[in-house]
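Labels below follow one simple rule: chain letters A, B, ... track the order of the sequence lines, proteins then strands, and each chain is numbered from 1.
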2 protein chains.
Amino acid sequence: MSTKSQERLRKPRADALRNRDRVLEAAKTVFSAGGAGASLEAVARQAGVGIGTLYRHFPTREDLFEAVYRREVEQLSELAEALKSEPSPVEALRHWLRSTVQFVATKKGMMAALAIVMNANSELAAYSHAHLTASINALLARAVEAGDVRSDVTADDLLRALIGMCYMHDQTGWQQSVLRLLDVFVDGLRVTN
Amino acid sequence: MSTKSQERLRKPRADALRNRDRVLEAAKTVFSAGGAGASLEAVARQAGVGIGTLYRHFPTREDLFEAVYRREVEQLSELAEALKSEPSPVEALRHWLRSTVQFVATKKGMMAALAIVMNANSELAAYSHAHLTASINALLARAVEAGDVRSDVTADDLLRALIGMCYMHDQTGWQQSVLRLLDVFVDGLRVTN
DNA sequence: CGTTTATACGGAGGATGCCTCCGTTTATCA
DNA sequence: TGATAAACGGAGGCATCCTCCGTATAAACG
């Protein structure tokens, strides 16, 4: 019981937080470059920590994938928040959508692994869906209130469209194509009177 | 030059063909059960061949994935061909679509790996797209000619719809859902006058 | 047929990666 | 500042990867 009371009080060690973040950053780099099967020891090396540290924070490869993914989803949320200060609501939306495409593009080799994790952990799917929908909603609502875009398109619609577009992942030059389609799409969202 | 002239003439050894097929069959089984990361030596064991034989036929894990996938696409083509003798064109189409869903369902763990291979090898994407489109087209054309289904839906549309449906791979019970949607879809294809 | 020869086979073994375990180090708290 | 819980690094045991080569055998040829 003495241990129990301390569990709550003691704050996590600073080096633990720092190392956790270093590993996540390294994982993003290494997996993006070498694909989902890249060596975890390479990740530890890149992060400048021991292999034991990596495994303590992320017991399985999937745990690491998941954490990297969550981190990026949160970064997209933060970007949406930051874009509230962008003068033009429409450009803010466009900017965010483009960033999302880049986000997908970076993870060439990771998408596959993420699909596995998503399958195994539907809570993660719900989590990311909620975050992304909320981000889009904030951006969309502002644009609608400003009278810049039509009001009959929901955040869910937009997310679905985005995912669908990014799914044509095979053709070469897909990224350019999606960016073009996004531009057309955003233009189409505008009220034209 | 003597070797060069023989390269063309000599036919492949029978045991080589047999073993290649055994490995593919084993790979299908093992990967379906154990996911894309399953041990290649387990595949060799299951196939009843040496590990060296496996590697000679398929130098990389991706080569093996690709070959398994190609084989299954071809089997879907053959199924489409066989279904030409099914009395009702609409039921033939429905049957084929349902088989495709099952095909996807079997490969839970493989889809991820396939996504990687598809990315790396766009020829494979073109190959499978062509085969699948052709299969659908044959089935669809027969149904249209029989006057059973509307004529303003292309094979490409149908394939896209199919892929999109199967992409909701996360929710539990997706398979039942897709099968239900397919039924609705096929019913919708019927001419109603 | 029997011989020759290209081709395929199996599996040993070195290299690499996975993951656990534990002695050492360090941040927190009294 | 000392005690101690928490985190660290990396050695080492085990599994898998993949290459290499001696052996076996199917096809070709006389």
(request) For residues B:Phe31 and B:Phe65, establish whether the separation of their ring centroids is below 6.0 Å. (result)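 Yes, the ring of B:Phe31 comes within the 6.0 Å limit of the ring of B:Phe65, centre to centre.
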
(request) Apply the test side-chain contact (heavy atoms from CB on, under 4.5 Å) to residues A:Leu158 and A:Thr154: give CA-CA distance (whole Å), side-chain angles for both, the deciding distance (0.1 Å), then the verdict. (result) CA-CA 6 Å; A:Leu158 235 173; A:Thr154 70; over 6 Å; no

Let me know the distance between [atom1] of [X] and [atom2] of [N], rounded to the nearest Å.
X       : N      : atom1 : atom2 : value
B:Arg22 : C:dA8  : CZ    : P     : 16 Å
B:Leu54 : C:dG10 : CG    : P     : 10 Å
B:Asp21 : C:dA8  : CG    : C1'   : 16 Å
B:Arg18 : C:dG10 : CZ    : C1'   : 14 Å
A:Gln46 : D:dG9  : CD    : P     : 15 Å
B:Leu40 : C:dG17 : CG    : C1'   : 14 Å
B:Leu64 : D:dC17 : CG    : C1'   : 14 Å
A:Leu17 : D:dC8  : CG    : C1'   : 14 Å

So does [X] get a side-chain nitrogen or oxygen closer than 4.0 Å to the phosphate oxygens (OP1/OP2) of [N]?
X       : N     : result
B:Arg10 : C:dT7 : no
B:Asn19 : C:dC9 : yes
B:His57 : C:dC9 : yes

(message) Does A:Arg150, at its CZ atom, have more than 12 non-hydrogen atoms belonging to other residues, nucleotides or ligands within less than 6.0 Å?
(response) no

Side chain of [X] only, please: which of [options] is the nearest?
X       : options                : value
A:Glu41 : C:dA12, D:dC17, C:dC19 : C:dC19
A:Ile51 : C:dC18, D:dC8, D:dA11  : D:dA11
B:Ser39 : D:dA26, D:dA7, D:dT16  : D:dT16

(message) For D:dG30, give the paired nucleotide (Watson-Crick: N1-N3 plus N6-O4 or O6-N4; G-U: N1-O2 and O6-N3; both under 3.5 Å), or none.
(response)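 Looking at the geometry, D:dG30 pairs with C:dC1.
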
(request) Heavy atoms only: give me the nearest A:Ala26-A:Val43 pair and the separation to one decimal. (result)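 Between these two residues, the closest heavy atoms are CB-O, 3.6 Å.
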
(request) Taking all non-hydrogen atoms of both residues into account, name the closest pair between B:Val30 and B:Ala38 and its distance. (result) CG1-CB, 3.7 Å

(request) Considering only NZ, NE, NH1 and NH2 on the basic side and carboxylate oxygens on the acidic side, decide whether A:Arg70 and A:Glu74 come within less than 4.0 Å. (result) no

(message) Whether A:Glu91 and A:Arg94 form a salt bridge (side-chain N of Lys/Arg under 4.0 Å from carboxylate O of Asp/Glu) is what I want to check.
(response) yes

Using the 3.5 Å cut-off, write out each protein N or O paired with an N or O of nucleotides 20-25 of chain D and the distance between them.
| unit_1 | atom_1 | unit_2 | atom_2 | d |
| --- | --- | --- | --- | --- |
| D:dT25 | O2 | B:Arg13 | NH1 | 3.1 |

(request) Find which nucleotide of DNA chain D each of B:Ala14 and B:Ala38 is nearest to by heavy atoms, and output the residue with the more 5' nucleotide. (result) B:Ala38

